[in-house]
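Scroll down for the structure; my scribbles are underneath it.
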Number of protein chains: 2
Amino acid sequence: MRSELSEPTVYRLCVVLRILEELRSKQIVISSSELSKYTNTTAYTLRKDFSLLSGVASSKSGYDIENLIFCIKSKLDIGIAKYAAIAGLGRIGMAILNYTDSRIKGYDIVAGFDASVNKLETLHTDIPLYPAYDIEDIVRELKIKLAVIAVPADKAQEIALRFIKGGVEGIINFAPVIIKTDVDTVYIKNIDLVTEFNFLSSIVKTKGE
Amino acid sequence: MRSELSEPTVYRLCVVLRILEELRSKQIVISSSELSKYTNTTAYTLRKDFSLLSGVASSKSGYDIENLIFCIKSKLDIGIAKYAAIAGLGRIGMAILNYTDSRIKGYDIVAGFDASVNKLETLHTDIPLYPAYDIEDIVRELKIKLAVIAVPADKAQEIALRFIKGGVEGIINFAPVIIKTDVDTVYIKNIDLVTEFNFLSSIVKTKGE
DNA sequence: ATCAATCTGTGAAAAGTTTCACAGATAAAA
DNA sequence: TTTTATCTGTGAAACTTTTCACAGATTGAT
């Protein structure tokens with residue numbers, strides 16, 4: 001008896017969760033209207049989202065932050081560790097890895113991959129590193145469910161395929177190329193600066209007239 | 001007499017544009033169903049999107065790629081140069097800058113900012129660099145409309161404010177923190193790994209049962 | 001020249017999402 | 001204690017977006 005949440009709702013809840021975890025040390029409660037200033041959404045919509053959770057505690061000053069964090073996490077099953085891996089240990093890959101160490105809790109990055117065996121020997125990281133041709137096996141063996149791709153554009157499609165064959169369920173792709181897939185057992189999120197630039201520039205133009 | 005496109009449509013068109021520019025050297029035509037494999041969308045939806053453009057040329061084998069690129073660009077006014085800037089010249093910032101040089105056409109990154117004057121003197125880039133405290137003035141002076149933020153988390157909010165005061169219309173934020181704004185003259189897109197991880201892991205879980 | 005296969009194009013229906021209006025609740029001030 | 005201001009919670013309405021069904025068009029094969 002799990003009532004489903006819509007995809008936009010899930011995304012907004014993830015953003016809100018992120019904000020709350022940033023704010024938890026600074027304040028106790030927060031109102032829906034203040035929260036809306038952090039998101040591209042209205043207070044109405046956030047309230048409606050929260051109404052789909054259970055056990056939310058609020059008062060005239062707003063929502064109890066700790067309680068709301070707990071409710072969102074329970075509903076979304078966040079906090080149950082999922083194994084993740086990263087492919088491509090160049091500038092972006094290493095930036096993500098380092099930033100990750102300290103910040104992403106609940107996600108265990110358990111493997112790094114790179115095509116250059118040379119690089120694998122030189123790098124010093126907290127996680128085990130493997131050559132890229134082992135992706136499929138390692139993913140299967142370690143039950144890795146999420147992958148981050150930060151390899152050069154011309155390798156991204158092939159690397160994605162190996163992850164998919166190994167059985168990952170989600171991919172975040174930072175390579176400047178859009179990855180294609182035939183299956184729909186995997187959700188691919190492309191993070192592409194060119195696309196974002198074009199989108200931003202299109203909608204700001206539209207808003208302004 | 002400009003018929004407005006919805007935000008989801010604009011975003012999909014930006015993604016499609018990106019794909020087409022990748023594919024233009026490899027093939028002449030593409031069908032809506034093949035395109036849909038690159039996006040998290042159906043062929044129906046893409047066809048409907050294209051029906052909102054004007055001058056689209058198609059045949060039984062699909063859409064003419066060059067023509068479609070042209071139609072999307074015209075409708076979205078993409079290709080008209082907008083000035084952009086980047087703040088934070090650490091690992092991510094420099095990665096973006098380098099990746100950018102060769103790839104983002106139509107956007108002139110005309111300024112880089114960093115808090116460390118020391119760093120500004122050491123770095124060798126193709127674009128002029130300025131200290132972070134000059135953001136507001138330089139943005140105004142150079143008519144910069146888009147900003148990329150890649151500074152440490154605790155500085156991002158303040159840097160964003162300076163860009164906004166200077167008059168930018170859109171911000172892409174890579175700092176691992178959600179930026180807040182009171183005004184709605186600026187569109188902020190936060191690209192946050194933690195949020196993406198949580199979202200991915202929530203929706204793949206949901207899909208699988 | 002005809003047929004079969006496979007595209008696109010689009011109005012209408014369906015589904016999904018957001019907004020609104022207002023009732024109810026609570027905290028702080030008078 | 002009463003009032004006032006300011007929250008949340010939510011059903012219903014409004015709006016938006018996607019899906020569908022099928023007509024029309026084009027290509028290639030026979």
Side-chain angles (χ1 to χ4, degrees), chain A residues 3-16 19-20 23 27-72 75 184 199 202-203 206-207, chain B residues 3-16 19-20 23 27-72 75 184 199 202-203 206-207:
Chain A
S3 62
E4 278 315 336
L5 303 178
S6 72
E7 212 171 288
T9 294
V10 172
Y11 192 80
R12 282 190 301 263
L13 289 175
C14 289
V15 172
V16 167
I19 295 161
L20 295 176
L23 258 43
Q27 56 190 89
I28 309 281
V29 294
I30 190 166
S31 70
S32 56
S33 64
E34 195 182 345
L35 266 176
S36 75
K37 291 179 187 161
Y38 287 92
T39 62
N40 296 314
T41 344
T42 64
Y44 303 130
T45 302
L46 293 178
R47 291 212 301 276
K48 183 122 269 172
D49 289 340
F50 298 159
S51 78
L52 304 169
L53 307 174
S54 25
V56 173
S58 64
S59 73
K60 111 104 201 208
S61 341
Y63 297 92
D64 181 290
I65 291 184
E66 291 301 327
N67 168 265
L68 195 48
I69 288 175
F70 179 82
C71 294
I72 294 175
K75 189 70 174 190
D184 65 349
F199 177 65
S202 293
I203 65 158
T206 303
K207 264 209 289 193
Chain B
S3 62
E4 278 315 337
L5 304 178
S6 72
E7 211 170 290
T9 294
V10 172
Y11 192 80
R12 283 190 302 263
L13 289 175
C14 289
V15 172
V16 167
I19 295 160
L20 295 176
L23 258 42
Q27 57 191 89
I28 309 282
V29 294
I30 190 167
S31 69
S32 56
S33 65
E34 196 182 344
L35 266 175
S36 75
K37 292 178 186 162
Y38 287 91
T39 62
N40 296 314
T41 346
T42 64
Y44 303 130
T45 303
L46 292 178
R47 291 212 300 276
K48 183 125 267 174
D49 288 341
F50 298 159
S51 79
L52 305 169
L53 306 175
S54 25
V56 173
S58 64
S59 69
K60 112 103 203 213
S61 341
Y63 297 91
D64 181 289
I65 292 184
E66 291 302 327
N67 168 265
L68 195 49
I69 289 175
F70 179 82
C71 294
I72 295 175
K75 190 70 175 189
D184 65 348
F199 176 66
S202 293
I203 65 159
T206 303
K207 263 209 290 194

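Letters A, B, ... mirror the listed sequences (proteins, then strands); counts begin at 1.
- Both A:Lys60 and A:Glu7 lie close to DNA chain C; mapped to their nearest nucleotides by heavy-atom distance, the more 5′-ward contact belongs to A:Glu7.
- Between the P atom of C:dT6 and the CD atom of B:Glu34 lies a distance of 15 Å, rounded to the nearest Å.
- The minimum heavy-atom distance linking A:Thr41 with A:Ser36 is given by the pair O-CB, 3.4 Å.
- In this structure, B:Asp64 atom CG and C:dC7 atom C1' are separated by 15 Å, rounded to whole Å.
- OP1 or OP2 of C:dT6 has not a single side-chain nitrogen or oxygen of B:Ser31 nearer than 4.0 Å.
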All N/O contacts under 3.5 Å from nucleotides 12-15 of chain C to the protein, with atom names and distances to one decimal?
unit_1 : atom_1 : unit_2  : atom_2 : d
C:dA12 : N6     : B:Lys48 : NZ     : 3.2

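- Of the residues listed (A:Phe50, A:Tyr11, A:Tyr63), the one engaging A:Val16 in a side chain to side chain contact (heavy atoms under 4.5 Å, CB included) is A:Phe50, and it is the only one.
- Distance check: A:Thr39 OG1 to A:Ile19 CD1 gives 6.0 Å after rounding to the nearest 0.5 Å.
- Using a 4.0 Å heavy-atom distance criterion, A:Thr42 is classed as a sugar-phosphate-only contact.
- In this structure, A:Leu68 and A:Val56 have side chains that are in contact, with non-hydrogen atoms separated by less than 4.5 Å.
- Between B:Ser202 atom OG and A:Ile72 atom CD1 the span is 10.5 Å, to the nearest 0.5 Å.
- Here the shortest heavy-atom pairing between B:Ser54 and B:Cys71 reads O-SG, 3.4 Å.
- Using a 4.5 Å heavy-atom threshold, the side chains of B:Tyr38 and B:Leu23 count as touching.
- Using a 4.0 Å heavy-atom cutoff across all strands shown, A:Thr9 reaches no nucleic acid atom at all.
- Note on A:Ser61: every side-chain N or O is 4.0 Å or more away from OP1 and OP2 of C:dA27.
- Scored by the salt bridge (charged side-chain N to carboxylate O under 4.0 Å, His left out) test, A:Arg12 finds A:Asp49 as partners (sequence neighbours excluded).
- Within 4.0 Å (heavy atoms only), B:Phe50 reaches no atom of the nucleic acid at all.
- Atom CD of B:Gln27 is separated from atom P of C:dC7 by 13 Å (rounded to the nearest Å).
- For the pair B:Tyr44 OH and C:dC7 C1', the interatomic distance rounds to 13 Å; values are reported in whole Å.
- Here the CG atom belonging to B:Leu13 is positioned 10.0 Å from the CG atom belonging to B:Leu20, to the nearest 0.5 angstrom.
- Atom CG in A:Asp49 sits roughly 10 Å away from atom P in C:dT17 (whole-Å rounding).
- Spacing between atom CD of A:Glu4 and atom C1' of C:dG16 amounts to 14 Å, rounded to whole angstrom units.
- Contacts between chain B and DNA chain D, taken as any atom within less than 4.0 angstrom of a protein heavy atom, begin and end at D:dT17 to D:dT27.
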